[in-house]
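To keep things clear, I will list the structure first and then write my remarks on it.
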Amino acid sequence: MFDSEKIGGYKKMISMKNVYKKYPNGIVAANGINVEIEQGEFVYVVGPSGAGKSTFIKMMYREERPTSGDILINEINLATLKAKRVPLLRRQIGVVFQDFKLLPRLNVYENVAFALEVIEESPKIIRKRVMDVLDLVGLKHKARMFPNELSGGEQQRVSIARSIVNTPSVIIADEPTGNLDPETSWDIMHLFQEVNRRGTTIIMATHNKEIVNTIKHRVIAIEGGLIVRDEHGGDYGYES
Amino acid sequence: MKARTVGRHFRESMKSLGRNSWMSFASASAVTVTLLLVGVFVMIMMNLNKVAEDLEKDVEIKVLVELTADDAMISQLEQDIKQVKGIESVVYSTKEAELEDLIKDFGANMGLSNQNNPLRAAFYVKASNPQETETVAKRIDHLTNTYSVEYGEGKIEKLFSFLNLARNIGLGLILALLFTAMFLISNTIRITIVARRREIEIMKLVGATNWFIRIPFVLEGMWIGILGAILPITLVTLLYSNLYQVVQPYLKGELFNLLPLTPFLYQINALILVMGIFIGVWGSFMSVRKFLRV
């Protein structure tokens, strides 16, 4: 019903309408969330643990389904999306996690290539694109190494390379710097900045006050399953 | 699915086999042990069955003809016997031929040759299903001009019931063994897949479809089945060809025989290979199924 609305000339990337999520154990993690995110935006999602931040993020890549309400990503309604079509959605979004989620038995090159293999891309294009993104994240020389031979920061770079290799329009990152030391975190943030500068929408849940307050972007604060604050260029706003 | 994706799945399954070499080895060993047991058992069972069939084939009904019957009556009787239900073959033997057989068996010095031939002409009848010999014999007994009908009464029933028992027990054991094998192997494969549960989860997050994830695992199961079948095939072939060479000379002129090397070895080896593949594929299919419901 509102799938091709446009605001200010930008296409809407993500919109949530009256999203409500209740888990079987009775916990209400989303209590009527309404939000719109435009293409090319960089959005921090902040809030205390257990406030519904994770659920908010998970619903965007259809790890969780809303109990009611609509979630549109790229004009796909996740609330009604059939399980069989979920892989197709996931190919349009890149996901980055705190624990990197790399395939331990595949080397760096293969881990990144995997995202292209699932869409049955031709080997020639796969080789080129994988080497390009590895170059971008600065790990071209470690392409043959396995995840356990890399530092945390390097693993996160691989994971970012994998998330951008099939040029998704949005990247969803769930505390990507949560396991990294401060210095490495800054490196990773600069990488996200660069990816965002190239036009990719980024939605990032984070607990890192310093980062949010220094690299200013839109901040969405979630508490008790509700968006309590949504400001462009806002602060982290919590004592961490 | 594109052809290169199929190729990718094949490469991926082999790569994974090599990178999980210990788990692959464990699964293949489980397959080997069971296939070896099943193989040896099937070998014994099929030969037992062959012996049973040979013995059964040898069971025949001897119909003695009344002395008073003339040629016309005898050929009438032959027609009658041929019309009895469940007959496979009827062979007529004149009383002179019967006498010759007797002399051949017991020697010429029985003094029978100088006398009037006291024997009766006979029909040798085989039932199409040896197990129905008794019924067929009873049907023939009702015909006119038969003097008596002999079929090893009492003895063959015992033989048949023994053979049937042996067959059923053997079949039951093979089934039980196969069932155990599948359970064992699907468990082993499940362990390898549980270890890779996280991998499956990650693959799904990157947008892999269920089949894209499943096929390499299933192919890996197939390789494990094939690898596990190598040793049993070799051992069964060696064992049986040696056994055959040793035992066969003693069975010359006996009523029963072992199964000849060809096609038996081809059959049993094909069976072992197919079972190995089936167990491997089925095991990984069932195990991976659980983790795909994310």
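Order of the sequence lines sets the chain letters (A, B, ...), proteins ahead of strands, with each chain counted from 1.
- For A:Ser163, no part lies near chain B; criterion is any non-hydrogen pair under 4.5 Å.
- In the displayed structure, B:Phe162 atom CZ is contacted under 6.0 Å by at most 12 heavy atoms of other residues, nucleotides or ligands.
- Side-chain contact between B:Ile202 and A:Arg162 is present, with at least one heavy-atom pair separated by less than 4.5 Å.
- Heavy atoms of A:Glu110 lying under 4.5 Å from chain B belong exclusively to its side chain.
- Interface residue A:Asp99: backbone and side-chain heavy atoms are both found under 4.5 Å from chain B.
- Across all non-hydrogen atoms, the minimal contact from A:Pro104 to B:Glu199 is CD-CG, 3.8 Å.
- More than 12 non-hydrogen atoms from other residues, nucleotides or ligands lie less than 6.0 angstrom from CD1 of B:Ile44.
- Interface residues of residues 3-10 of chain B toward chain A, defined by a heavy-atom distance below 4.5 Å and sorted by number: B:Arg4, B:Thr5, B:Arg8.
- In this structure, the side chains of B:Val206 and A:Glu117 stay at 4.5 Å or more apart for every pair of heavy atoms.
- With a 4.5 Å cut-off on non-hydrogen atoms, A:Leu102 touches chain B through its backbone but not through its side chain.
- Between A:Arg85 and B:Thr209 the shortest side-chain heavy-atom distance does not fall below 4.5 Å.
- One finds the NZ atom of B:Lys204 at 9.5 Å from the CD atom of A:Glu63 (value rounded to the nearest 0.5 Å).
- Once rounded to the nearest 0.5 Å, the distance linking CG of A:Leu106 with OG of B:Ser16 reads 9.0 Å.
- Contact check for A:Lys101 versus B:Arg198: side-chain heavy atoms found under the 4.5 Å cut-off.
- Within the structure, side-chain hydrogen bond (donor to acceptor under 3.5 Å, both in side chains) contacts touching residues 143-153 of chain A (residues at least two apart or in different chains) are A:Ser151-A:Glu154.
- If you measure heavy-atom distances from A:Phe100 to chain B, you find no contacts under 4.5 Å at all.
- Within 6.0 Å of atom NZ in A:Lys22, 12 or fewer heavy atoms from other residues, nucleotides or ligands are found, so the atom counts as exposed in its surroundings.
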